[in-house]
Amino acid sequence: MSIDIPTICLTNIGPLITLSVAGLLLLLFDAFSGKAMKKAHFHQFSLVAVVIALLQTVWLWNRQTTDFSRMIYVDNFSFFFNVIFLLGTGISIILSVHYLENYRKNYGEYYALMLFAAVGMILMAAGGNLVIIFLGVEILSIPIYILSGLFREDLKSNEAALKYLLLGAFSSAFLLFGIAMLYGGTGTFYLADLAAFIKKSGMNGFTYVGMGLLIVGFGFKVSMAPFHMWTPDVYEGAPTSITAFMSVGTKAAAFAAFLRVFLEVFPTVRMEWDLLLWVAAVATMTVGNVTALAQTNIKRMLAYSSIAHAGYILVGLIAGNQLGATGILYYLLAYTIMNLGAFGVVIAVARKKDNYLNIYDYAGLGFQYPGLAAVMSVFLFSLVGMPPTAGFLGKFYLFSAAVEAGYIWLVIIAVINSLISVYYYLRITVIMYMQPAEADLGPVAMTPVVNATLIISALAVLLIGIFPGSIFQLAMNSVKIFGS
Amino acid sequence: MEIPISYYLILSSALFAIGTVGVLIRRNAIIIFMSIEMMLNAVNLSLVAFSDLHRSIDGQMLVFFVMVVAAAEVAVGLALIYVIFRNKGNVYVDELNIMKW
């Protein structure tokens with residue numbers, strides 16, 4: 001008897017290898033280097049790893065293949081998401097450095113865990129097998145549980161981490177039960193085989209239950225109502241740099257897996273999951289936006305806004321056509337940049353030990369720090385979805401996809417929700433420019449690198465909003481795999 | 001005599017349901033954690049049963065992954081619960097309410 005060893009090509013998982021090895025090396029350095037070496041170089045090292053991974057990703061452009069016995073998809077869809085994840089990780093690392101030094105928490109393991117989380121994200125977007133997607137979810141989540149509890153002495157941080165851990169583990173149990181049921185109904189974990197099976201023999205009881213449980217599992221991760229309850233608490237309690245990282249990374253990764261599984265495996269039974277997601281999307285947008293109106297803590301407000309944005313992205317998923325998928329990719333890229341930018345400003349204004357997180361602490365920022373207030377306004381306008389920012393076009397693509405697919409009412413509700421969101425985003429702009437500062441704001445510690453990052457992000461938000469062509473083409477290319 | 005697949009599934013669903021109820025109604029973080037473990041093991045049981053049904057090894061392979069993941073989650077979870085106990089003196093989840101739920 002002979003055993004065929006499958007051929008594998010390691011360059012296909014180049015970014016994964018780079019990030020994992022860099023994470024492990026960081027842990028070793030942290031353990032064995034002297035005190036002086038510590039702190040200074042960890043973030044540079046991890047940034048270099050992210051950049052190398054990005055270059056390796058670029059090299060993978062336009063391959064249409066699978067590898068590791070069809071476990072991993074190497075296609076433009078995973079390419080696009082790799083870019084989003086690595087961008088998000090890189091910007092989060094830059095924003096973290098100063099923040100952590102304030103807390104004297106600039107540990108090596110922080111960056112190592114961030115890199116591991118990025119590995120999980122990439123696996124979620126690239127997984128061609130439900131096992132890989134499950135492992136991706138866990139590789140992403142476990143580091144983030146630890147990172148949210150980074151401030152061990154702070155009860156808020158403890159609370160956030162425990163809530164996230166308990167609810168995250170609870171939701172992965174549902175995801176896993178869904179995977180088991182799909183396996184029971186079809187006898188395979190491969191997405192392609194699942195799709196072929198469902199196309200040929202239709203759904204059966206097991207696959208219905210499995211599909212429902214998958215919606216619950218992914219719903220938790222993207223903070224879809226009614227599974228959004230953890231989001232505000234975790235976002236408020238976790239270190240701000242981690243809040244920034246998970247608000248974009250986890251969401252993008254979960255949507256990548258959601259999109260891939262539902263558009264590849266269940267396109268023939270659209271009718272069954274459409275209505276469910278329709279209700280969930282409306283609830284998500286409404287709950288997120290209406291509750292955000294009442295928030296005075298800016299982290300909590302951005303948490304509710306991130307719930308609302310999950311609702312907008314669900315609109316694209318419900319539309320389920322090419323334009324919808326393209327819109328989701330475009331929107332996630334724009335959301336990554338604008339949300340990280342907004343959190344960057346929040347970190348800068350909060351200063352030592354997060355003392356200034358109330359929205360009224362922003363009073364007078366426009367006069368004392370015009371630059372900071374200007375970039376914040378760009379990010380906020382983009383989060384509202386005003387032209388000519390990237391947020392506007394993202395929403396435009398998502399909503400026009402839904403119109404094309406015939407969901408007029410959904411779009412009307414989504415637009416009304418966008419209007420509600422104008423109030424709480426622009427309130428901050430108003431406070432920044434129209435209200436005098438109650439006291440001198442004092443020095444806002446900004447490093448040149450952070451400055452440059454914020455400015456480039458703000459320019460990028462404007463640029464891809466005014467000239468969306470190339471990004472739109474790229475996103476369109478990336479979703480060609482979902483033929484429909 | 002062969003045991004039909006439905007027996008396994010009923011047992012596994014029952015365990016999963018007991019775990020879910022446990023997570024929802026208990027207030028001690030450690031008990032909640034045990035309930036989550038029970039849910040994961042219920043999944044393992046159904047995976048093994050399905051694996052036997054389909055005569056394929058994939059399901060049993062996933063069981064090992066689930067065990068590893070569960071162990072990692074427990075390691076992190078117990079560390080967090082320990083830290084909270086040190087800061088607060090108890091681990092009741094309903095008393096973790098600095099931020100409103």
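Within every chain, numbering begins at 1; the chains are lettered A, B, ... in the order of the sequence lines, protein sequences first and strands thereafter.
- The backbone N or O of A:M246 lies less than 3.5 Å from a partner atom in the side chain of A:T250, making a donor-acceptor pair.
- Residue B:I5: no heavy atom, backbone or side chain, is found under 4.5 Å from chain A.
- Of the possible donor and acceptor atoms, none in the side chain of A:N158 sits under 3.5 Å from a partner among the backbone N and O of B:I84.
- The pair A:R300-A:E236 counts as a salt bridge, with a side-chain nitrogen and a carboxylate oxygen less than 4.0 angstrom apart.
- Only the side chain of A:L135 comes within contact range of chain B, with at least one heavy atom under 4.5 Å from a heavy atom of that chain.
- The closest donor-acceptor contact from the side chain of B:K88 to the backbone of B:E95 lies under 3.5 Å.
- For B:S56, the parts lying under 4.5 angstrom from a heavy atom of chain A are both the backbone and the side chain.
- Counting only distance, with no hydrogens or angles, the side chain of A:T284 and the backbone of A:A225 share a donor-acceptor pair below 3.5 Å.
- Note: A:G184 leads A:G187, A:A180, A:G184 in heavy-atom pairs under 4.5 Å with chain B.
- Note: B:V83 leads B:V68, B:N44, B:V83 in heavy-atom pairs under 4.5 Å with chain A.
- Counting heavy-atom pairs under 4.5 Å between each of A:G237, A:S172, A:A169 and chain B puts A:A169 at the top.
- For the set B:D58, B:L40, B:L47, the count of heavy-atom pairs under 4.5 angstrom toward chain A peaks at B:D58.
- In this structure, the portion of A:T186 lying under 4.5 Å from any heavy atom of chain B is its backbone and not its side chain.
- Within the 3.5 Å criterion, the main-chain N or O of A:F134 finds no donor-acceptor partner in the side chain of A:E138.
- Within the 4.5 Å cutoff, no side-chain heavy atoms of A:L130 are placed close to those of A:Y183.
- Checking A:K163 against A:S148 by side-chain atom types alone, no donor-acceptor pair falls below 3.5 Å.
- With a 4.5 angstrom heavy-atom cutoff, B:S35 does not touch chain A via any of its atoms.
- Between chain A and the residues B:S46, B:A70, B:A72, B:G59, the most heavy-atom pairs under 4.5 angstrom are made by B:G59.
- Proximity to chain B (any heavy atom under 4.5 Å) is shown, for A:L176, by both the backbone and the side chain.
- Comparing B:E73, B:M39, B:R86 by heavy-atom pairs within less than 4.5 Å of chain A, the highest count is held by B:E73.
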